[in-house]
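One-based numbering, in listed order, for ligands and for the atoms of each.
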Amino acid sequence: MSQFNLSGKTAIVTGGNGGIGRGIALALAEAGANVCIAGRNEQKNEKVRIEIEGLGASVIAQRCDVNDNTSIAETIEATIDAFGGLNILVNNAGIVTLNSPEAITDEEWMSLIDTNLNSVFRFCRAAHQSLLKAGGGKIINIGSMYSIFGSPFAASYAASKGGVVQLSKSLAVSWAEDNIQVNAILPGWIETDMTAPLETDMAEIHAAIIARTPTRRFGQPEEIGGTAVYLASSASNFVTGQSIAVCGGYSIA
Ligand code: NAP
C-alpha cells in the first residue's frame, strides 16, 4: 500500500469549509481519509460535506468555533462518534486584519491572536488524548509567509503565524515519544476569500506580490493539499517540528 494512503485514518480540518482548508480536506479525502469539516458557517460546512461525499469519502460537517473550548471538545467527540477515533488534526482556521501597528487596538490584537494562535494550542491540547489512544497521529498547523517575514500592515497576523511555528516545534518535541508528529505548512499567496480583496481593492499590492513571486502567480487552495497529505501520512513519520513553505518560491527569492 502506498505510503501516502490514508484509508482508515480520520482527520479534522478546522476552517475546512472554504479556501485552503477546503483544498486540504478534499486532498485528505481523495487519499482515503474520513474527514470532519469544522467551521462556524454551517451552510459552508454543508456545501463542502456534500462535495466530499460526492468523492465517495466518509465525511461529517460539524459547527465549530475554534475560540471556544466546548465547541472544540464537541467537534472531537462528534468525529470519534462518527469514525471511531482521531488520527489527523489540521489547524487551518484563521483570520487577518490589516492595520499599522500603532493603530492596532487591544481588542483587535487579542481577537486575532486568539483565533490564529491560541486556538491552535487549544485544539492540539484537546486532541492529544485521542491521538494517544490511536497510537499516535499527525498535527498540521497552517502558518504563512508571515511566519518568517515581517509585515508593516499585519503585525498581529505575523506575530500569530510566527507563534504557530514555534508552538509546532514545542509540541513536536513534547509529543515525539507519543508518536505524534507536529509540522507546519507555510502557504505563499493563495487565491481565497482572504486574499480576494487584494485583487479587487489593492491592485498595486496584488501586482507587486506576483512580481515578487518567482512562479509569477498566486497559488490555488488545492496546491496546499499534496503537502498536507504527505504530512498526514506515514511517508512523513520521521519528519517533525518542520515548516514546509508552499509558496511558488516567494520565501527564497
Ligand atoms: P478563508 O477562505 O477566509 O478561510 C478561513 C477559514 O477559517 C474559513 O473556513 C473560516 O470558517 C475559518 N475560521 C475563521 N475563524 C474561525 C473560527 N473562530 N472558528 C472556526 N473556523 C474559523 O482564508 P484562507 O486563505 O483559506 O485561510 C486559511 C488559513 O490559511 C488561515 O490560517 C490563513 O491565515 C492561512 N493562510 C492563507 C494564505 C492565503 O494567501 N490565502 C496564505 C498564508 C496562510 P467560517 O467561515 O465558518 O468561520
Would you say Gly219 touches ligand 1, if touching means a heavy atom closer than 4.0 Å? no
Given the protein's heavy atoms, is any one of them under 4.0 Å from atom 4 (O) of ligand 1? no
Smallest separation among heavy atoms of Pro214 and Gly248, with atom names: CD-O, 3.3 Å
Going by heavy atoms, is Glu191 under 4.0 Å from ligand 1? no
Given Asn92, Ile224, Ile142, which one has a non-hydrogen atom that is nearest to atom 31 (C) of ligand 1? Asn92
Taking non-hydrogen atoms only, is Cys64 closer than 4.0 angstrom to ligand 1 via side chain, backbone, both or neither? backbone
Can you tell me how far apart CD1 (Ile244) and OG (Ser236) are? Round to the nearest 0.5 Å. 8.0 Å
Which atoms from ligand 1 have a heavy atom of Tyr157 less than 4.0 Å away? 33 (C), 34 (O), 35 (C), 36 (N), 43 (C), 44 (C)
Is Thr195 touching ligand 1 with its side chain, its backbone, both, or neither, if touching means heavy atoms under 4.0 Å apart? side chain
Parallel, tilted or perpendicular: which fits the ring planes of His128 and Trp175, with parallel below 30° and perpendicular above 60°? parallel
Heavy-atom contact under 4.0 Å between Gly143 and ligand 1? yes
Given Arg49 and Glu53, is the salt bridge (charged side-chain N to carboxylate O under 4.0 Å, His left out) satisfied, shown in steps? CA-CA 6 Å; Arg49 189 194 68 75; Glu53 202 169 56; 2.9 Å; yes
Would you check, one step at a time, whether the test side-chain hydrogen bond (donor to acceptor under 3.5 Å, both in side chains) holds for Asn67 with Thr115? CA-CA 6 Å; Asn67 291 330; Thr115 300; 3.0 Å; yes
Under 4.5 Å between any side-chain heavy atoms of Leu28 and Val90, yes or no? yes
Under a heavy-atom criterion of less than 4.0 Å, does Tyr146 contact ligand 1? no
Answer with side chain, backbone, both or neither: which part of Thr14 has a heavy atom less than 4.0 angstrom from an atom of ligand 1? neither
For atom 46 (O) of ligand 1, state which one of Arg22, Glu42, Lys44 supplies the nearest heavy atom. Lys44
Thr192 and ligand 1 - part of the residue with a heavy-atom distance under 4.0 Å: side chain
Atoms of ligand 1 under 4.0 Å from any heavy atom of Asn67, numbered from 1 in the order shown, are 18 (N)
Would Lys161 and Asn141 count as having a side-chain donor-acceptor pair, cut-off 3.5 Å? no
Using a 4.0 Å cut-off to any heavy atom of Thr115, which atoms of ligand 1 qualify? 15 (N)
Given Val246, which partner from the list Leu186, Ile185, Ile190 fulfils the side-chain contact (heavy atoms from CB on, under 4.5 Å) test? Ile185
Going by the 4.0 angstrom heavy-atom rule, the piece of Met145 near ligand 1 is neither
Could you identify the single nearest non-hydrogen protein atom to atom 19 (N) of ligand 1 and state the distance to 0.1 Å? Val66 N, 3.0 Å
